[in-house]
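Okay, structure first, notes after.
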Protein chains: 2
Amino acid sequence: MKSGTKSKSVTVIDVAKKAGVSKSTVSLVLTGSDKVSDKARQKVEKAIDDIGYVYNRDAASLRSRRSNLVAIVINDLKNPYSAQLAVGLEKQIRQMGMFSMLVNSDENVETQTSLVRNLKEYNVAAFIICPAPGTSPEWTNSLVEQGFPVVHIMREVSGAKVATVLPDNFAGTKLATQHMLAKGYKRIAFIGGNESISDYHQRLSGYTEAMTLAEIPFSKKLCVQSNTNRNGGRGAMEEVLATANDIEAVVCFSDVIAYGAIEHIRASGKQPGKDIAVIGFDDLEDSRLMSPALSTIHVDANQIAIAVCQVLANIKDGTKNKILIGVDLIERDSG
Amino acid sequence: MKSGTKSKSVTVIDVAKKAGVSKSTVSLVLTGSDKVSDKARQKVEKAIDDIGYVYNRDAASLRSRRSNLVAIVINDLKNPYSAQLAVGLEKQIRQMGMFSMLVNSDENVETQTSLVRNLKEYNVAAFIICPAPGTSPEWTNSLVEQGFPVVHIMREVSGAKVATVLPDNFAGTKLATQHMLAKGYKRIAFIGGNESISDYHQRLSGYTEAMTLAEIPFSKKLCVQSNTNRNGGRGAMEEVLATANDIEAVVCFSDVIAYGAIEHIRASGKQPGKDIAVIGFDDLEDSRLMSPALSTIHVDANQIAIAVCQVLANIKDGTKNKILIGVDLIERDSG
DNA sequence: ACAATTAATTGGAACGTTCCAAACGTTTAT
DNA sequence: ATAAACGTTTGGAACGTTCCAATTAATTGT
């Protein structure tokens, strides 16, 4: 990785000479100051592309003790929703005039710790973290105490004194379940997800709330946990059908779970969307494109990204607040 | 984004005082030099975590004119294979003792240009780029001339004087097609992808090569282009069946295309894997988990990542070579 | 025991930028 | 005409590290 020992770099001083001003003036132009005359600004800008100057952010960041780097620590980039979220965040951050540094913890808390330790060395301006399972509140809090603005997304770490932006999981599954109830279904299952995931409880209770309001007795048989991948969804569906072959609808923990469920429904000779209605959670792009198109709870990744950036913009020490992002029911062919 | 004006940072000098050595010695320890006594090293290391020192990479990078940042410019993070690749690259780069900075060009060449312009300001050590459509060879070459090590992945930019690491697309579709031929099928379609994508031609010619070798006359009707998403796959399959209802097998440009194809096959009342055999390209995780599990051409993302890092490690000016990553046939239930 | 060699340590300069306080030039008020 | 006010411009110091040449300590050879 020998970088060809970049000869002699072009600096603000070279630009200044070329433009016939001082390096301070060049700096002012570079930082977008309003207290520099248009004449000077134009001369500097011309000089910059005449001699091919490139700004050195290391020097700037060192001297100013600021940076425009925002770290995004994602739990699992291979998960389609995470990827969508990362892309949304990246775009939004760039719109703020900042630059994002995206890394993947792979749901591994040690990796996450090591990544963040490294990122601190780069003097990042803020951390956006989707916490890996097992993240301790102390860890987050110490990060905050060190002076870094931190926002958690998607998952809550109870005890962590940070702002957290996440979808309204409870409202989402409640909405999904009530949608099924409104269609006249009464035997409704809830499948996928498991207790180690912080949002599982919220989504499950949205379902039970809706069922309770409809005065339908809660049946434990109809709630089956699973891994959060496609296989998990298929297995959970199989388990439900084994004990309750007469269910009319299934509310899934996520779209991916729904994909698996649909596969098993088909395999068992029934038609998803006709014999058994299915609804997911997330609204992945595939859900719209697949057939039958999946009904689901839409969680707008861009909206989350916008909220995160707003929080970041007005962060104060110890602002521990929870920002719920609204969700929407999307009715498609599957239920 | 007011970062709480981090009071007064702890520097190497503080560490030096605490450890009773000079700052130069501390620096040697930090950079992992072998010409420092064990005694000194231990004192320094102890002092470091006693006073909670954090390394300032901006200063290091400024002074040494080196950095351990590797930029990964991905064309489309929402694409599952890209995400997989990004994750593999990230892990591999970290294993080299470097740190990756992942950004997403979103298949937009202007975004790509702007991202790279910014990344240069961070003094990155190298660029790994999956070029967006429309990337000009001149652009890449000028990046190289500026002294940056550059590797292209997945897509070739003809005329660009850089190393390119990509799967053996030709061998892949040839393998897939010959697999179908070996099963006795003769009416085999090739669907998905389109000419604006550089690897389309390679994959298409793998198919035609196999067909020609088997002495089956090429039929234009059996080759249908499409967008590279699920919908595209479904549409292409529909188009094929409309003009050639008797096909026995279909070789798909990618797994995602295959997903769409399978949906249409089902919708038309046939059974994928029984009435029409289907094979994909990429081997996404879902392909293994779905039902019927998708036969496909496996392209090992980690292997690509390893090759990229090897190239990066021995890069010389103007090494324009092409590194083909071997592919494997994975036979599953779909064909 | 002493010179010659090697190993380990060190202070000052340098990297390219921003900050600061002072200087300059122009306009406005008296 | 002069003072005050304002808007621009400016040189030197500083940010925290690494590099370099020089110094000191330890080891080897005779």
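In the text below, chain A, chain B and the rest are named by the order of the sequence lines, each starting its count at 1.
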Base, sugar-phosphate, or nothing: which does B/Ser61 touch, judged by heavy atoms less than 4.0 Å apart? nothing
For a quick check of understanding: with a heavy-atom distance under 4.0 Å over all strands, which category does B/Ser37 fall into, base, sugar-phosphate or nothing? sugar-phosphate
Return yes when atom CD of A/Glu107 has more than 12 non-hydrogen atoms of other residues, nucleotides or ligands closer than 6.0 Å, and no otherwise. yes
Terminal axes of the helix from C/dA1-D/dT30 to C/dT30-D/dA1 (five pairs each): angle between them, nearest 10 degrees: 30°
Please determine whether the number of non-hydrogen atoms from other residues, nucleotides or ligands lying under 6.0 Å from atom CD of A/Gln303 exceeds 12. yes
Is it the case that the side chains of A/Thr25 and A/Ser22 hold a donor-acceptor pair, with the cut-off being a distance below 3.5 Å and no angle test? yes
Is it the case that more than 12 heavy atoms not belonging to A/Lys17 sit under 6.0 Å from its NZ atom? no
Is the ring pair A/Tyr122/B/Phe99 parallel, tilted or perpendicular, if the boundaries are 30 and 60 degrees? tilted
For A/Val54, all residues meeting side-chain contact (heavy atoms from CB on, under 4.5 Å), sequence neighbours excluded: none
By nearest nucleotide on DNA chain D, pick out whichever of B/Lys39 and A/Ala59 is the more 5' one. A/Ala59
Rounded to the nearest angstrom, tell me the gap between atom CG in B/Leu28 and atom P in D/dC20. 12 Å
B/Ser9 and A/Arg65: side-chain donor and acceptor closer than 3.5 Å? yes
Within the supplied structure, the quantity of interest is the number of heavy atoms (other residues, nucleotides, ligands) at a distance under 6.0 Å from A/Lys91 NZ; does it exceed 12? no
Heavy-atom nearest nucleotide on DNA chain D for A/Lys23 versus A/Val36: which residue maps closer to 5'? A/Val36
Going 5' to 3' on DNA chain C, which nucleotide is the first and which the last to come under 4.0 Å of a heavy atom in chain A? C/dG16 to C/dC19
Would you say a side-chain N or O of A/Ser24 is under 4.0 Å from OP1 or OP2 of D/dT10? no
Upstream residue (5' side of DNA chain C) when B/Ser64 and B/Val21 are each assigned their closest nucleotide: B/Val21
